[in-house]
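Contents: one structure, followed by commentary.
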Number of protein chains: 2
Amino acid sequence: MRVTINDIAKAANVSPSTVSRALADSPRISKATKRKIFKIMEEMNYYPNVIARSLARKSTNIIGVLVMGTTEKAFQHPFFPEILRGVASVAYKNEYKILISSVTDMDEQRKIVNDLTQSGITEGLLILSSGVNDPTIPYLKEIQFPFVIVGRPDNENEVNWVDNDNVSIGYQMTRHLIEVGCTDIAFLGVDKKFMVTLDRLKGYKMALKENNIPLNEDLIVEGKFVDDTGYDLMKKLLDRGIVPSGVIACDDLLAFGAIKCLNEKGLRVPEDVAVAGFNNVPLSSYFTPPLTSVDINAFSLGAKGFELLLNSIKSEVKSFNRAIIPFQLIVRESTMKKGS
Amino acid sequence: MRVTINDIAKAANVSPSTVSRALADSPRISKATKRKIFKIMEEMNYYPNVIARSLARKSTNIIGVLVMGTTEKAFQHPFFPEILRGVASVAYKNEYKILISSVTDMDEQRKIVNDLTQSGITEGLLILSSGVNDPTIPYLKEIQFPFVIVGRPDNENEVNWVDNDNVSIGYQMTRHLIEVGCTDIAFLGVDKKFMVTLDRLKGYKMALKENNIPLNEDLIVEGKFVDDTGYDLMKKLLDRGIVPSGVIACDDLLAFGAIKCLNEKGLRVPEDVAVAGFNNVPLSSYFTPPLTSVDINAFSLGAKGFELLLNSIKSEVKSFNRAIIPFQLIVRESTMKKGS
DNA sequence: CTGAAAGCGCTTACAG
DNA sequence: CTGAAAGCGCTTACAG
C-alpha cells in the first residue's frame with residue numbers, strides 16, 4: 001500500500017541501504033545514483049516514514065510543551081500563544097515538531113510528565129509556568145531529562161530557564177511612576193506562587209528605597225496573578241480608605257479592572273491616579289485611556305526557550321543555562337500626569 | 001541502557017510475546033503470569049516505547065492541530081487557546097497526543113501539511129481557520145486524509161466540520177438591538193475571507209428584513225476580522241456623517257475600539273449608541289461599559305472537533321459529519337438603552 | 001495459556 | 001561507491 005524504501009530500492013535496482021543513504025544525502029553515494037533514486041521517489045510519490053526513522057535513529061525530533069494550570073485563566077492570556085509562536089518558529093527551522101499538553105491538576109501533570117519522559121516520544125520539555133515549588137522540576141532533574149522553564153524558577157542555578165528580568169521590570173515601572181509625581185504607589189496582584197509577581201514587587205521596593213519613599217505594606221495587595229479581579233483588588237484598597245496617586249498592576253488585565261473601579265468612584269486616570277500594567281496585551285493601546293505597560297517580548301521568550309532546550313538535548317557536557325530577554329517600557333496616557 | 005520488553009521477558013522467564021500480551025491485558029494470558037510480569041516491570045522501571053509500538057501497530061495516536069495565519073492577530077485571540085483546551089481535554093481521555101503547527105504563509109502551510117500527512121506521524125488533522133478557498137482542503141480530500149475543520153467551510157457538505165450557527169448568532173444579536181430600540185444598526189468588521197463574518201452578516205440582514213428595516217449598505221463596514229481596527233472602522237463611519245443608534249462588531253476586540261471612538265466623539269454607550277460584540281472575551285464583562293456579546297463555547301468547539309476527527313479516523317464507512325455548537329447571547333450594559 | 005518467527009520501515013556498522 | 005545483515009522495540013498471525 002504505502003511505498004517504502006524497499007519499493008524504491010527495487011525500482012531503482014539498488015539496495016535499501018543505498019536508498020537510505022541517498023535520502024540522507026550521504027557523500028558516499030554517487031551523484032548519478034542519487035539522481036536516479038530521487039527521480040524514482042518522485043515518480044512513486046515516496047515519503048520517508050518518520051516513525052520508523054525515529055526508531056532506528058533513536059531520536060524523534062519532537063519536543064513537548066507543557067502548559068500548566070489551564071483551568072485557571074492563565075492559558076487564555078494573550079502571551080501564551082505568543083510564546084508558542086516563538087517556540088514553533090525556531091522549532092520549524094530546526095525540523096522539530098511540537099507536542100503540546102495542557103495540564104489542569106497536579107495529578108494529571110504527574111501522569112503526563114511521566115508519559116512524556118518515559119515513552120520515548122519526546123526529546124525534551126519546555127515548561128510554561130513559573131510556579132514556585134513545582135514537584136515536576138526535581139523529578140525531571142532526577143531522571144536527567146532535558147527541560148527548560150519559561151519563567152525564573154526558585155532554584156535558578158540548577159535548571160535551564162529563560163525569562164525577562166522581572167525585578168528590573170518592576171523597578172523601571174515604579175521609577176517611571178515616581179518620575180511622573182506619584183509617591184504613594186499601590187502594587188496589585190502579588191501572588192506568592194508566582195516568582196514573576198514576587199520579582200516585580202522586589203523591583204518596586206528597590207525603586208521606592210532608592211527614592212527615599214517609605215514602604216507602605218497597606219499599598220501592596222495580594223491576588224491571583226492573571227484573573228479578572230483587578231476590579232476587586234482596587235476596590236479592596238479604596239474600601240480601606242486608601243486612594244493612591246499611582247497604581248501598578250501585575251498584569252494589564254488587572255489594570256483594566258482597577259481603572260474601571262477607580263472610574264466608578266469618580267477618580268480619573270491619569271489625572272487623579274496614574275495606572276500601569278505589565279505584559280502589553282493587544283488591547284492596551286486601544287483602552288481608554290491607553291495603558292502604560294511593559295512589552296515582555298513573549299515571542300522571544302518562546303524562541304529562546306526552544307534554543308536552550310535544543311542545546312540541552314544536543315550538548316554532551318551538561319550545564320545549566322539561562323537567558324534573559326530584554327523588555328520595553330511603553331509609556332501611554334494612563335500614566336501621563338499633568339506637568340510630567 | 002533503557003529497559004525493553006526483552007529484558008522483562010528474560011527476568012520473568014517468559015517470551016517477549018507474553019510480555020507484550022500482558023501489557024495489552026490480553027485475556028489469553030493467565031492472571032498469575034500477568035501479575036508476575038507487572039511486578040517485574042515495576043521493579044525494573046519499565047515503560048513501553050511508543051515509537052516502536054506505533055511502528056508495529058501502524059498507528060501513532062497522534063493528531064495534528066493546524067493553526068492558520070499566525071502572523072495575523074488571530075492566533076492571539078483568547079478563543080484559540082480555549083479551543084485547544086477543548087481538543088486537549090478529549091484527546092487526553094482517548095489517549096491521543098496533539099502535535100501543534102502554526103503556519104504563517106501559504107508556502108509554509110503546504111510544506112507542513114505535506115509533512116503531517118505523508119510522514120506517518122499524524123493520524124488526522126484539526127484545522128483552525130475558516131478561511132474561504134483554502135487550497136489545503138481539496139488536497140486533504142484528494143489524498144483522503146482524515147481532517148476536521150473548526151469553522152464552517154465553503155464546501156460544507158463535503159468535509160467534516162464543527163462550528164456555531166453564525167447566521168443565527170448574527171440574527172439573534174441584531175434582533176436584540178432592534179428590541180432595545182435601535183433602527184439604524186451598523187455592522188463592523190465583515191471580512192470576505194472569513195465565512196464566520198459573512199454568516200453573521202447574513203443573520204443581521206435576516207433580522208432587519210423580518211422587522212421591516214430597510215438595509216442600508218453604508219452601515220456595513222468591511223475590515224479585518226480580528227484586529228485592532230475597531231476604532232478605525234467606527235471612525236470611518238462617523239467621518240461619513242453617519243451616527244447609528246446601534247453597532248454590532250464582528251468581535252469584542254473590535255467593539256472595544258468602536259466604543260473608544262464613540263466616546264471620543266462625545267457619544268455615550270449605551271445611551272446614545274448601543275454596542276455589541278461577539279466571542280465574549282474574558283475582558284468583556286469588565287469593560288466600561290460591560291459589553292453585550294455572544295459566548296461561542298470555544299472549549300466545546302475544540303472538544304467536539306476532536307470527537308469528529310476521531311470518528312473520521314476510526315470509521316470504516318466514510319461520511320461527512322458536522323456538529324453545531326450552541327451559543328449564548330450575553331446581554332450586558334453596553335446595549336441596555338433606557339426604556340428597554 | 002505460551003512461544004518462535006516474521007514484520008513494521010527505517011539506519012548503520014561492517015565488509016568489500 | 002554499494003550491499004547484506006543486524007538492529008531499533010514493539011505486535012501479532014501462526015502453531016502448539
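Chain A is the first sequence line, chain B the second, and so forth, proteins listed ahead of strands; every chain is numbered from 1.
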To the nearest Å, how far apart are [X] [atom1] and [N] [atom2]?
| X | N | atom1 | atom2 | result |
| --- | --- | --- | --- | --- |
| B/D7 | D/dG9 | CG | C1' | 10 Å |
| B/D25 | C/dC1 | CG | C1' | 15 Å |
| B/N6 | C/dA5 | CG | C1' | 13 Å |
| B/I8 | C/dG3 | CD1 | P | 15 Å |
| A/R2 | C/dG9 | CZ | C1' | 8 Å |
| B/K58 | C/dA6 | NZ | C1' | 14 Å |
| A/L23 | C/dC10 | CG | C1' | 9 Å |
| B/I5 | D/dT12 | CD1 | P | 11 Å |

Between [X] and [Y], does at least one N-O distance fall below 4.0 Å, as a salt bridge requires?
| X | Y | value |
| --- | --- | --- |
| A/D163 | A/R322 | no |
| A/K111 | A/E108 | no |
| A/D25 | A/K34 | yes |
| A/K39 | A/E42 | no |

With a 4.5 Å cut-off on side-chain heavy atoms, are [Y] and [X] touching?
| X | Y | result |
| --- | --- | --- |
| A/T18 | A/T33 | yes |
| B/V3 | B/M41 | no |
| A/W161 | A/L308 | no |
| A/M44 | A/I8 | yes |
| A/L99 | A/I63 | no |

Taking only the side-chain nitrogens and oxygens of A/T18, find out if one of them lies under 4.0 Å from OP1 or OP2 of D/dG3.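 Yes, within the criterion.
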Respond yes when some side-chain nitrogen or oxygen of A/S20 is under 4.0 Å from OP1 or OP2 of C/dT11, and no when none is.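 Checking A/S20 against C/dT11: at least one side-chain N or O falls below 4.0 Å of OP1 or OP2.
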Identify the stems formed by DNA chain D, where each pair is Watson-Crick or G-U wobble with both distances under 3.5 angstrom and a stem is at least 3 consecutive pairs.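 Looking at DNA chain D, the stems formed by three or more consecutive pairs are C:1-3 with D:14-16, C:5-12 with D:5-12, C:14-16 with D:1-3.
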Which listed nucleotide ([options]) is nearest to the side chain of [X]?
| X | options | answer |
| --- | --- | --- |
| A/S17 | D/dC10, D/dG3, C/dG9 | D/dG3 |
| A/L55 | D/dG3, C/dT11, D/dC8 | D/dC8 |
| B/R21 | D/dG3, D/dC14, C/dC10 | D/dC14 |
| A/A56 | D/dA4, C/dT11, D/dA13 | C/dT11 |

Looking across every strand, which nucleic acid part, if any, lies under 4.0 Å from [X] by heavy atom: base, sugar-phosphate, or nothing?
| X | result |
| --- | --- |
| A/V50 | nothing |
| B/T4 | sugar-phosphate |
| A/S30 | sugar-phosphate |
| B/T33 | sugar-phosphate |

Crowding at NZ, B/K31 (>12 non-hydrogen neighbours, <6.0 Å):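 It does not: B/K31 NZ has 12 such atoms or fewer within range.
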Could you identify which residues of residues 37-47 of chain A place a heavy atom less than 4.0 Å from some atom of DNA chain C, listed by residue number, or say none?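 Hits under 4.0 Å, by residue number: A/Y46, A/Y47.
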